[in-house]
There are 2 protein chains.
Amino acid sequence: MILTKTSQYAVRVLTYMIQSDLRVFSAHHLIKALSIPDKYLRQLLTTLSKAGFIKSIRGREGGYVLARNPDKIRLSDIIEVIDGMERYERCLLGFPSCSDDNPCSLHRKWAPLREQMLHFLRETTLDEIRQNDITKF
Amino acid sequence: MILTKTSQYAVRVLTYMIQSDLRVFSAHHLIKALSIPDKYLRQLLTTLSKAGFIKSIRGREGGYVLARNPDKIRLSDIIEVIDGMERYERCLLGFPSCSDDNPCSLHRKWAPLREQMLHFLRETTLDEIRQNDITKF
DNA sequence: TTAAATTACTACGACGGTATAGCATATCAG
DNA sequence: CTGATATGCTATACCGTCGTAGTAATTTAA
Ligand code: FES
Ligand code: FES
C-alpha cells in the first residue's frame, strides 16, 4: 500500500465531511457512512481534532465540524500528521542521503517521478477533490 | 517507505552482483560489501535462489552466481517475489476496485501518475541499471 | 436534576516486516 | 578421511500498524 490504512481513512473522512451538506457529524454517523471500524475511527477523529483539521463538540448533540478552510488542507498535510511525509521523500533503495550529487543506481530515473508524486500530494487540496463530485467513500 | 527494506536489499544485492567482475559471491562477502544484517541477508539469498534470480553453490568454495540474463530481470520481477506488486496497483484510498468507471475521489489525478510509476518498475532492468556506472551499494 | 448521548483516554491483542540465533546439511581442499 | 567452509532450515523476539474493549469525562434535552 502506498498510503497506510490510517491515512486512507483520514482522507476519506475529511473528503466525506467536506462534500456533505451537514455541519456536525457524530462519530456514529461517520462509522456507518464510511464503514470504518468503530473504535479505530474514534481514535482517528481525536487525532484529527488535535491536529486542527476538525473541531470536536463534546456532550449530547455533539460531534465534529470542519475547522479549517477546505482549500487550505492538502493531502500532504493530512499524511504528515498521521504517518509523516518523510517516507515518501527518501531514497528508493533506503540509502541515508538522496541527491543528484550522491545518487544511487535508481536515482536518475526515480527522482523525477518521485517529484511528480510529491507534487501531487502537496498540491492537491480537499476543495479540489470536492469538485470531482464523486460519491464513493 | 515505498519499497520494503527486504525489496531494497534484494535490488541492492542483485545490482551489486551484476556490476562486479566476480562470478561467485559468498554470503559473507555480500554481507560485508553491502552492510546488510548477516542472518537476514542469508535468508534473502535463499529466497532469491529459490526464485531463480541466483543459483546457490553449496559447500566449500561455494556461494551464489547470477542465474538469469541481467537484461531480463526487471525491478517488478524482484518486488513481485518479495512483497508482491499488488500493493502498488490498488486504489490509493484502499477501495476494493479501481477503474475509470468506478473511480474514487483521487483516481482522476492519481491513476496516470501510478501508471508512470508502474511503468518505471516494470520496464527498468538490472542491465540498464548497470550502465549507470554508479558504485553505491 | 437526571439520564441519554457524545467524545477522550488507555490498555490490550493480532499481524506482518525486520532481525537474531542455533543447528543441520553439503562440498571440497588438504 | 576429515576439517574447514559454505548454504539451508526453523524458531524466536522486536516493533509498528491495525483493530478491539472498557471506562472516564462532558454536555444538554427532557
Ligand atoms: S539516492 Fe536513491 S533515489 Fe536518490
Ligand atoms: S479508484 Fe481510487 S485510485 Fe482508482
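Note that the structure is a prediction, hence the values are computed from the model and not measured. Lettering of chains follows the sequences in order, A, B, ..., and the numbering in each one begins at 1.
- Taking atom CG on A:L41 and atom P on D:dA21, their separation rounds to 16 Å, with Å as the unit.
- Using modelled atom types, no side-chain atom of B:R90 and backbone atom of A:I2 make a donor-acceptor pair closer than 3.5 Å.
- Contact check, A:Y40 against C:dA14: no side-chain N or O comes under 4.0 Å of OP1 or OP2.
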With the criterion being N/O to N/O and under 3.5 Å, what pairs connect the protein with nucleotides 9-12 of chain C, and how long is each?
| residue | atom | partner | partner atom | Å |
| --- | --- | --- | --- | --- |
| C:dC9 | OP2 | A:K50 | NZ | 3.1 |

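- Rounded to whole Å, the distance from CG on A:L44 to C1' on D:dC18 is 12 Å.
- Applying the 4.0 Å criterion to OP1 and OP2 of D:dT5, one finds that B:S26 has every side-chain N and O outside that range.
- Listed by chain and number, the residues in a salt bridge (charged side-chain N to carboxylate O under 4.0 Å, His left out) with B:R58 amount to none (sequence neighbours excluded).
- Of the two residues near DNA chain C, B:P37 and A:A27, the one whose nearest nucleotide lies more 5' is A:A27.
- Heavy-atom distances under 4.0 Å link DNA chain D to no residue of residues 73-86 of chain A.
- Applying the side chain to side chain donor-acceptor pair (under 3.5 Å) test to pairs two or more places apart or on separate chains, those with a residue in residues 91-102 of chain A are A:S97-A:N102, A:D100-A:H107.
- For the pair B:I36 CD1 and C:dG17 C1', the interatomic distance rounds to 15 Å; values are reported in whole Å.
- Here B:I57 lies in heavy-atom contact (under 4.0 Å) with sugar-phosphate atoms only.
- If you measure from atom NE2 of A:H29 to atom P of C:dA5, you get 17 Å, rounded to the nearest angstrom.
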Only distances under 3.5 Å count here; give the side-chain donor-acceptor pairs of residues 117-124 of chain B to other protein atoms, sequence neighbours excluded, each with its distance to 0.1 Å.
| residue | atom | partner | partner atom | Å |
| --- | --- | --- | --- | --- |
| B:R122 | NH2 | B:E89 | OE2 | 3.0 |
| B:T124 | OG1 | A:K109 | NZ | 3.0 |
| B:T124 | OG1 | B:F120 | O | 2.6 |

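- In this structure B:H28 satisfies the side-chain hydrogen bond (donor to acceptor under 3.5 Å, both in side chains) test with no other residue, sequence neighbours excluded.
- Here the P atom of nucleotide D:dG8 and the NE2 atom of B:H28 are 17 Å apart, to the nearest Å.
- Checked against salt bridge (charged side-chain N to carboxylate O under 4.0 Å, His left out), B:E115 has no partners two or more places apart in sequence or in another chain.
- Taking atom CD1 on A:I31 and atom C1' on C:dT6, their separation rounds to 11 Å, with Å as the unit.
- In terms of the side-chain contact (heavy atoms from CB on, under 4.5 Å) criterion, residue partners of B:R68 (sequence neighbours excluded) are, by chain and number, B:F53, B:I73, B:D77.
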Could you write out each protein N or O paired with an N or O of nucleotides 27-30 of chain C at a distance under 3.5 Å?
| residue | atom | partner | partner atom | Å |
| --- | --- | --- | --- | --- |
| C:dT27 | O2 | B:R60 | N | 2.9 |

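- Rounded to an integer number of Å, the gap from CD of B:Q8 to C1' of C:dG17 is 12 Å.
- Taking 4.0 angstrom as the limit, A:Y9 places a side-chain polar atom (N or O) nearer than this to OP1 or OP2 of D:dG19.
- Note: CZ (A:R12) to P (D:dC18) measures 13 Å, nearest angstrom.
- Close to D:dT7, at under 4.0 Å from its OP1 or OP2, lies no side-chain N or O of B:S49.
- The heavy-atom pair separating A:A10 from A:L44 by the smallest distance is N-CD2, 3.6 Å.
- An OP1 or OP2 oxygen of D:dG8 is reached within less than 4.0 angstrom by a side-chain nitrogen or oxygen of B:S56.
- Among residues two or more places apart in sequence or in another chain, the side-chain hydrogen bond (donor to acceptor under 3.5 Å, both in side chains) test is passed with A:E80 by none.
- Taking each heavy atom of B:R12 and A:L93 in turn, the nearest pair found is CD-O, 3.8 Å.
- With the nearest nucleotide of DNA chain C identified for both B:D38 and A:F25, A:F25 has the one nearer the 5' end.
- Sorted by first and then second residue, the pairs that involve residues 38-52 of chain A and meet side chain to side chain donor-acceptor pair (under 3.5 Å), not counting sequence neighbours, are A:T6-A:Y40, A:D38-A:R42.
- Qualifying salt bridge (charged side-chain N to carboxylate O under 4.0 Å, His left out) partners for A:R130, counting only residues two or more places apart in sequence or in other chains: A:D127.
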